[in-house]
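The structure appears right after this line, and notes come after that.
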Protein chains: 2
Amino acid sequence: MTVALDDYALFLRKNGIKVTPQRLEILRYLDKNRNHPNADMIYRDLKKKNPSLSRTTVYNTLDTLRSHNLIHALTISESELRFDSIINPHQHFLCKKCGEIIDIEVECPYLKEVLQGGHRIDEVHGYFKGVCKDCLAKEGGS
Amino acid sequence: MTVALDDYALFLRKNGIKVTPQRLEILRYLDKNRNHPNADMIYRDLKKKNPSLSRTTVYNTLDTLRSHNLIHALTISESELRFDSIINPHQHFLCKKCGEIIDIEVECPYLKEVLQGGHRIDEVHGYFKGVCKDCLAKEGGS
DNA sequence: TTCCTAATTTGTAATTGTTTCAATTTAAGA
DNA sequence: TCTTAAATTGAAACAATTACAAATTAGGAA
Ligand SMILES: [Mn+2]
Ligand SMILES: [Mn+2]
Ligand SMILES: [Zn+2]
Ligand SMILES: [Zn+2]
């Protein structure tokens with residue numbers, strides 16, 4: 001999933017995933033909220049409109065989407081998985097001040113070099129951590 | 001901490017950390033076991049020789065060492081922190097087959113580029129995941 | 001050397017994110 | 001419409017980590 005989708009049901013069907021209202025809602029949520037939410041953010045937000053939603057369904061659906069390689073999981077936080085509906089190769093910046101996770105649009109030039117080690121590489125994660133531009137500005141001349 | 005230490009007490013004192021037997025043992029362990037252990041590996045191994053060791057002490061000591069920037073924490077695993085006593089900039093490969101975390105000695109060429117975004121970068125984590133050379137060899141021509 | 005005290009260690013309990021599981025419901029093909 | 005395998009649900013289990021208060025101790029002062 002890379003650009004905003006118009007037909008989530010079709011998208012699921014095309015990927016061999018059975019269509020359910022819960023999956024549609026979670027998929028739409030990920031597509032519309034590109035701030036790398038965690039499972040609980042998704043659960044709490046969607047629970048408002050669908051009070052019978054189960055936390056387990058959120059976890060199950062995220063696992064399903066991951067196993068079909070339609071979303072990615074980030075381990076940039078030390079305590080929880082964050083989910084990314086944009087699967088184009090890109091890296092991430094975590095602001096330790098405000099907690100925001102910002103996309104960094106650089107490509108990984110290591111790959112060829114690392115592949116020469118003989119390992120098979122399936123995933124590349126580039127995580128930068130520090131203080132974001134906005135938080136730095138707010139801090140001012142402290 | 002980068003090269004093997006000979007005097008752990010001196011090392012702690014030099015860094016303004018009070019010397020205790022527990023801290024010495026944990027520090028030695030990290031220095032001798034460079035396989036990026038998690039807190040529980042450290043706890044279980046050291047508990048053999050010092051049965052009164054508390055899990056909390058392991059966590060506390062790891063936090064102390066981290067806050068003095070003497071060790072690093074890796075979020076390469078999805079379920080636990082792994083600790084690295086080598087703080088030279090380097091990246092990591094996680095084999096999803098055998099679980100081993102292998103050092104990748106490449107430098108990050110992004111930094112300048114990412115810094116132009118205006119963020120302050122304190123940490124750089126490069127994580128590669130896949131199947132390591134040895135596991136690939138064992139799999140054979142499957 | 002002994003004393004003092006703030007810092008450290010310890011064990012237990014609490015918390016948090018995630019997984020397991022069995023019962024109920026449901027999507028979608030026959 | 002019927003059927004059934006798959007999905008959803010809620011509760012309980014789990015694992016990593018943190019909080020906390022009581023007991024111990026390192027290291028400086030007397
Ligand atoms: Mn992203
Ligand atoms: Mn390392
Ligand atoms: Zn920020
Ligand atoms: Zn391997």
Side-chain angles (χ1 to χ4, degrees), chain A residues 7-27 29 36-68 70-71 73-83 99 101, chain B residues 7-27 29 36-68 70-71 73-83 99 101:
Chain A
D7 190 335
Y8 299 104
L10 183 65
F11 180 76
L12 289 177
R13 239 177 258 119
K14 263 201 285 199
N15 284 282
I17 300 173
K18 198 183 263 191
V19 176
T20 69
Q22 293 85 348
R23 284 173 174 174
L24 288 174
E25 280 305 305
I26 292 166
L27 187 56
Y29 186 93
H36 312 94
N38 64 14
D40 198 55
M41 296 176 200
I42 301 169
Y43 170 71
R44 285 192 341 257
D45 282 355
L46 295 182
K47 184 100 178 163
K48 293 170 192 164
K49 287 288 179 70
N50 172 9
S52 81
L53 178 66
S54 164
R55 203 173 242 111
T56 304
T57 297
V58 174
Y59 280 104
N60 285 343
T61 300
L62 291 169
D63 282 350
T64 300
L65 294 173
R66 275 183 81 182
S67 72
H68 287 258
L70 304 175
I71 63 172
L74 310 183
T75 58
I76 194 169
S77 153
E78 294 193 0
S79 62
E80 74 207 346
L81 282 184
R82 306 291 293 248
F83 295 91
I101 295 174
Chain B
D7 190 337
Y8 299 103
L10 183 64
F11 179 76
L12 289 177
R13 239 178 258 117
K14 263 201 285 201
N15 284 282
I17 301 173
K18 199 183 263 191
V19 176
T20 69
Q22 293 86 346
R23 284 173 173 173
L24 288 173
E25 281 305 306
I26 293 167
L27 187 57
Y29 185 93
H36 313 94
N38 64 14
D40 198 56
M41 298 176 197
I42 301 169
Y43 171 71
R44 286 192 339 258
D45 281 355
L46 294 182
K47 184 100 178 163
K48 294 170 190 163
K49 286 290 179 68
N50 171 10
S52 81
L53 178 66
S54 164
R55 203 173 243 112
T56 304
T57 298
V58 175
Y59 280 104
N60 285 343
T61 300
L62 291 170
D63 282 349
T64 300
L65 295 173
R66 276 183 80 183
S67 71
H68 288 258
L70 304 174
I71 62 173
L74 310 184
T75 58
I76 195 170
S77 153
E78 294 193 1
S79 63
E80 74 206 348
L81 282 183
R82 307 290 295 245
F83 295 91
I101 295 174

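Computed from a predicted structure; not experimentally measured.
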- Message: With heavy-atom distances below 4.5 Å as the criterion, would you say the side chains of A:Tyr59 and A:Arg55 are in contact?
- Response: yes

Would you please confirm or rule out a distance under 4.0 Å between OP1 or OP2 of [N] and any side-chain N or O of [X]?
{"X": "B:Tyr59", "N": "D:dT18", "answer": "no"}
{"X": "A:Ser79", "N": "C:dG17", "answer": "no"}
{"X": "B:Arg55", "N": "C:dG11", "answer": "no"}
{"X": "B:Thr56", "N": "C:dT10", "answer": "no"}
{"X": "A:Gln22", "N": "C:dT26", "answer": "no"}

- Any donor-acceptor N/O pair, A:Thr75 side chain to B:Thr75 backbone, under 3.5 Å: yes

- Message: Looking at A:Ile17, is its backbone amide N or carbonyl O close enough to the side chain of A:Asn15 to form a donor-acceptor pair, meaning the two atoms are under 3.5 Å apart?
- Response: no

Base, sugar-phosphate, or nothing for [X], non-hydrogen atoms under 4.0 angstrom?
{"X": "B:Thr20", "result": "sugar-phosphate"}
{"X": "A:Asp40", "result": "nothing"}
{"X": "B:Pro51", "result": "nothing"}

- Note on the structure: So OG1 of B:Thr64 and CD1 of B:Ile26: to nearest 0.5 Å the spacing works out to 9.0 Å

- Name the closest nucleotide to the A:Lys18 side chain, picking from D:dG27, C:dA28, D:dT9. C:dA28

